[in-house]
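These notes are about the structure you will find just below.
Atom set for the values below is all heavy atoms of this structure, side chains included, hydrogens, waters and symmetry mates excluded.
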Protein chains: 2
Amino acid sequence: MAVAENATRPGGRTARVRADVLKAVEAELAEHGYDGLTIDGVAARSGVHRTTVYRRWGTVAGLLVDLLAAGVDDSWAPTDTGSLEGDLMKLNREIHDALAVAPSLTVAVISSSFRTPEAADALRAFWEDRYTRSAVVVQRAIDRGEVPPDTDPQRVLMTATAPIYHQLVLLRQPLSRVAAEQYARDSAAAARAGIYGH
Amino acid sequence: MAVAENATRPGGRTARVRADVLKAVEAELAEHGYDGLTIDGVAARSGVHRTTVYRRWGTVAGLLVDLLAAGVDDSWAPTDTGSLEGDLMKLNREIHDALAVAPSLTVAVISSSFRTPEAADALRAFWEDRYTRSAVVVQRAIDRGEVPPDTDPQRVLMTATAPIYHQLVLLRQPLSRVAAEQYARDSAAAARAGIYGH
DNA sequence: CGGTTAATGCGACGAATGTTGCATTAGGAT
DNA sequence: ATCCTAATGCAACATTCGTCGCATTAACCG
């Protein structure tokens, strides 16, 4: 996923350059948004030469992919609140916060994923990982006897989380935090009612 | 929404140029996908001069917006199948078909909506219109006594349709037609169970 | 018919965007 | 310390993108 990992010479300067560039990416993103994010701008702000940025990252999408790789938390796991509804609400709050902040790094990465296949792949891998890890909240609910044993985790998670992405990212409608929580509550209630059985 | 409507001289040549250009847009889109869609390419293929395309449409997003405007069906309304589940399944099948075809015009417009505010506005208006019209399927279900009177149409529609967009457009996972139908069934079942009450 | 004029065609231009060859610098190894 | 070389800096170049002024064409109007 990362661009500059496994370099043959990951020494001091290379690491410093990468840090400077990624810091500049974040700053430029905050200042001009994704549309205004340009290689030249990042190079100028970071003090690194244009050519270096082009050679190591290639495109704007590459920069964002690397920024995402540098920031991922490999130890992430969904919180165990003791109930399916609580777990899903926690998940939805996290998603809502990541999307509702302006400018949103997540939305920026989504944007770039429509431009280059590499960014699309990186994002797909990231999401696949997250949704796979998230499935345990449903398994825990099954183990607790909270929902039927044949409950489909995929549908539970999709029903809970997809509306937030859809409204905030695609429809670009405002969506309050409580509305995001409501979708979690609805999904949990439907799961308890046995609607997501096979 | 349209770019070239209400022109002061919507005569033969202007209309012909527009038709040629939009036809070229579709062809280029099918050939190179959205990433490879460029003003110069469209101009070359259509036989219309670069400058003309720049003047009338300005950006790639403008071309797609106009293509969308030329293709919209203003008389669209959700089919009345006699049941909420049937109506939602019909909706989801339409959405699935629009997104699963490659290359998808809908996905192309979504892509461009991340680049320019005009495309974003056009898409938002289009979707607001569609979701507003779609709300009648819930109202009909209420009138039939199929679901509680306080059922929230927004949540019913979002829960049914958002997962399709999420999986096909953002997650870029394959999604079968029957899986899309399943989300409609789930949403209808949850609505009947009174989960989407206020 | 001819006249008017919006729309288009045309070429040239400037700016932004990537690319390439070569010089320089600074990790890392001996 | 010194050498080796990957990484970076640098400048020039090619290409693409978008704009502008002006000539030309062809709808629309009388």
Side-chain angles (χ1 to χ4, degrees), chain A residues 2-25 28-29 31-66 70 111-112 115-119, chain B residues 2-25 28 31-66 70 111-112 114-119:
Chain A
V3 168
E5 281 178 7
N6 300 339
T8 54
R9 185 178 285 187
R13 184 161 72 158
T14 297
R16 211 160 47 239
V17 165
R18 184 183 180 218
D20 288 348
V21 167
L22 293 189
K23 206 173 71 178
V25 171
E28 287 284 306
L29 204 57
E31 197 164 311
H32 309 295
Y34 177 75
D35 291 335
L37 189 61
T38 170
I39 303 247
D40 281 27
V42 169
R45 181 187 285 259
S46 66
V48 172
H49 197 86
R50 280 164 28 89
T51 311
T52 300
V53 180
Y54 272 112
R55 276 198 278 246
R56 283 193 42 191
W57 289 275
T59 64
V60 171
L63 285 168
L64 281 172
V65 169
D66 198 28
S111 298
S112 73
R115 297 207 187 175
T116 70
E118 306 83 58
Chain B
V3 169
E5 282 177 6
N6 300 338
T8 53
R9 185 178 285 190
R13 183 159 74 158
T14 296
R16 211 159 47 236
V17 164
R18 184 183 182 218
D20 288 349
V21 168
L22 293 189
K23 205 172 72 179
V25 171
E28 287 284 307
E31 197 163 311
H32 309 295
Y34 177 76
D35 291 335
L37 189 61
T38 170
I39 303 246
D40 281 26
V42 169
R45 181 188 284 262
S46 67
V48 172
H49 197 86
R50 279 165 29 88
T51 312
T52 300
V53 180
Y54 272 111
R55 275 198 278 247
R56 285 201 28 197
W57 288 276
T59 64
V60 171
L63 285 168
L64 281 172
V65 169
D66 198 28
S111 298
S112 73
F114 286 105
R115 297 208 189 174
T116 69
E118 305 83 57

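For B/Val42, the side chain to side chain contact (heavy atoms under 4.5 Å, CB included) partners are B/Val21, B/Ala24, B/Val25, B/Glu28, B/Leu37, B/Leu63, not counting sequence neighbours. Under the side chain to side chain contact (heavy atoms under 4.5 Å, CB included) criterion, B/Thr51 pairs with B/His49, B/Arg55, not counting sequence neighbours. For B/Asp40, the salt bridge (Lys or Arg N to Asp or Glu O under 4.0 Å) partners are B/Arg50, not counting sequence neighbours. Not counting sequence neighbours, A/Asp35 has no partner by the salt bridge (Lys or Arg N to Asp or Glu O under 4.0 Å) test. For the side chain to side chain contact (heavy atoms under 4.5 Å, CB included) test, no residue two or more places apart in sequence or in another chain qualifies with A/Ala44.
Contact annotation: B/Arg16 side-chain N/O to D/dA27 OP1/OP2 distance is under 4.0 Å. Dashed line: the shortest gap from a side-chain N or O of A/Arg55 to OP1 or OP2 of C/dT20 is not under 4.0 Å.
Summarising the geometry, atom OG1 belonging to B/Thr52 is positioned 11.5 Å from atom CD1 belonging to B/Ile39; distances are rounded to the nearest 0.5 Å.
B/His49 places its NE2 atom 8 Å from the P atom of C/dG9, with the value rounded to the nearest Å. The distance between atom CH2 of B/Trp57 and atom P of D/dC17, rounded to the nearest whole Å, is 18 Å.
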Polar atom pairs between nucleotides 16-19 of chain C and protein, under 3.5 Å, N or O only, would you list them?
residue : atom : partner : partner atom : Å
C/dG18  : OP2  : A/Tyr54 : OH           : 3.3
C/dG18  : N7   : A/Arg50 : NH2          : 3.1
C/dG18  : O6   : A/Arg50 : NH2          : 3.1
C/dT19  : O4   : A/Arg50 : NH2          : 3.3

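For A/Val48, whose side chain is taken as the heavy atoms from C-beta onward, the closest listed nucleotide among C/dC10, D/dG9, C/dT8 is D/dG9.
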